[in-house]
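The structure appears below as structure tokens.
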Amino acid sequence: RKQRRLMSKIVHISRDSSALLGTGDSLVQRAATLMAKMRAQMKSFIVAKFYLSLLKAVLIGCMFFILNVDLWVIWTILAFVLNFMPLGSSISTLAPVPLAVLDPGQSFFAVAAVVVFPLAVHNIIGNVVEPRVFANSLNLHPVTVLLALTFWSALWGML
């Protein structure tokens, strides 16, 4: 008797939820459509992030090559890879500084450029270019992107 009541309650709950959400087939279709949209937006985000990271790495790598910084290829690869991680830009910006400072062949200008140029590249691309690109590629309002950027910058820091 208790099992019959339980079964009838389950049937009623399932009918009520179907009435609210639609038929099971339409619910599955809506879920599949939502998942496809989410997958497409995630792909769009990753592709945009890849190219923006590549842009940062190429700019920094070219400057390090011009300045004749030791291991410039390694610093370029690190700038690209670490851009995908929180605080990775800070690490890739600060990592080559000790090598540049301790290199007797580097002038004061070159050491200052090793510090300032990556900071400028990361800040300009990260705070100006990325929000615009992500807003366009993800169909988000620019204010939404700026609010998200502000929130995560406050949480993780400006670099």
Side-chain angles (χ1 to χ4, degrees), residues 20-159:
L20 289 173
L21 299 173
T23 63
D25 292 338
S26 69
L27 180 62
V28 170
Q29 288 173 346
R30 283 190 278 173
T33 303
L34 179 64
M35 288 300 290
K37 285 181 183 177
M38 288 172 47
R39 198 173 295 119
Q41 282 195 331
M42 192 60 121
K43 182 179 178 183
S44 175
F45 172 79
I46 291 171
V47 167
K49 187 70 173 176
F50 173 84
Y51 285 116
L52 289 169
S53 297
L54 189 63
L55 175 64
K56 285 182 183 181
V58 167
L59 289 173
I60 291 170
C62 287
M63 179 56 92
F64 284 177
F65 176 75
I66 291 168
L67 294 173
N68 199 22
V69 175
D70 291 336
L71 303 172
W72 68 270
V73 174
I74 301 295
W75 306 129
T76 304
I77 293 169
L78 278 176
F80 173 75
V81 172
L82 292 178
N83 193 51
F84 290 95
M85 295 183 260
L87 300 177
S89 296
S90 300
I91 296 168
S92 70
T93 298
L94 297 176
V97 173
L99 227 60
V101 169
L102 296 175
D103 186 359
Q106 295 290 352
S107 66
F108 176 76
F109 168 76
V111 172
V114 166
V115 174
V116 172
F117 188 75
L119 277 172
V121 167
H122 284 295
N123 280 315
I124 291 170
I125 292 178
N127 295 328
V128 177
V129 178
E130 278 185 5
R132 290 183 183 177
V133 169
F134 291 149
N136 290 335
S137 67
L138 298 174
N139 296 324
L140 295 173
H141 194 276
V143 174
T144 305
V145 176
L146 290 174
L147 287 174
L149 183 64
T150 303
F151 172 76
W152 291 108
S153 294
L155 187 64
W156 290 101
M158 288 306 288
L159 297 176

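Bear in mind that the values here come from a model prediction, so they are computed numbers and not experimental data. Residue numbers run from 1 in the order of the sequence given. Quick note: numbers below take in every heavy atom, side chains included, and nothing from hydrogens, waters or symmetry partners.
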* Asked: If every non-hydrogen atom of M85 is compared with every non-hydrogen atom of L82, which pair is closest and at what distance?
  -> CE-CD2, 3.0 Å
* Asked: Roughly how far apart are R39 CZ and M42 CE, rounded to 0.5 Å?
  -> 11.0 Å
* With a 4.5 Å heavy-atom cut-off, do S92 and H122 have their side chains touching? -> yes
* **All pairs passing salt bridge (Lys or Arg N to Asp or Glu O under 4.0 Å) where residues 99-108 contributes a residue, at least two apart** => none
* For residues V114 and L67, determine if any side-chain heavy atom of one lies less than 4.5 Å from a side-chain heavy atom of the other. => yes
* Can you name the side chain to side chain contact (heavy atoms under 4.5 Å, CB included) partners of T33, sequence neighbours left out? -> K37
Result block: side-chain N/O donor-acceptor pairs under 3.5 angstrom for residues 44-66, not counting sequence neighbours:
| residue | atom | partner | partner atom | Å |
| --- | --- | --- | --- | --- |
| S44 | OG | S137 | O | 3.3 |
| K49 | NZ | E130 | OE2 | 3.3 |
| S53 | OG | K49 | O | 2.8 |
| S53 | OG | N83 | ND2 | 2.6 |
| K56 | NZ | N83 | OD1 | 2.9 |

* Structure fact -> Rounded to the nearest 0.5 angstrom, the CG-CG distance for L102 and D70 is 10.5 Å
* Check V111 against Q106 and note the closest heavy-atom contact, atom names and distance. => CG2-CB, 4.0 Å
* Looking only at heavy atoms, which two atoms of V97 and T93 are closest? And how far apart? -> CG2-O, 3.7 Å
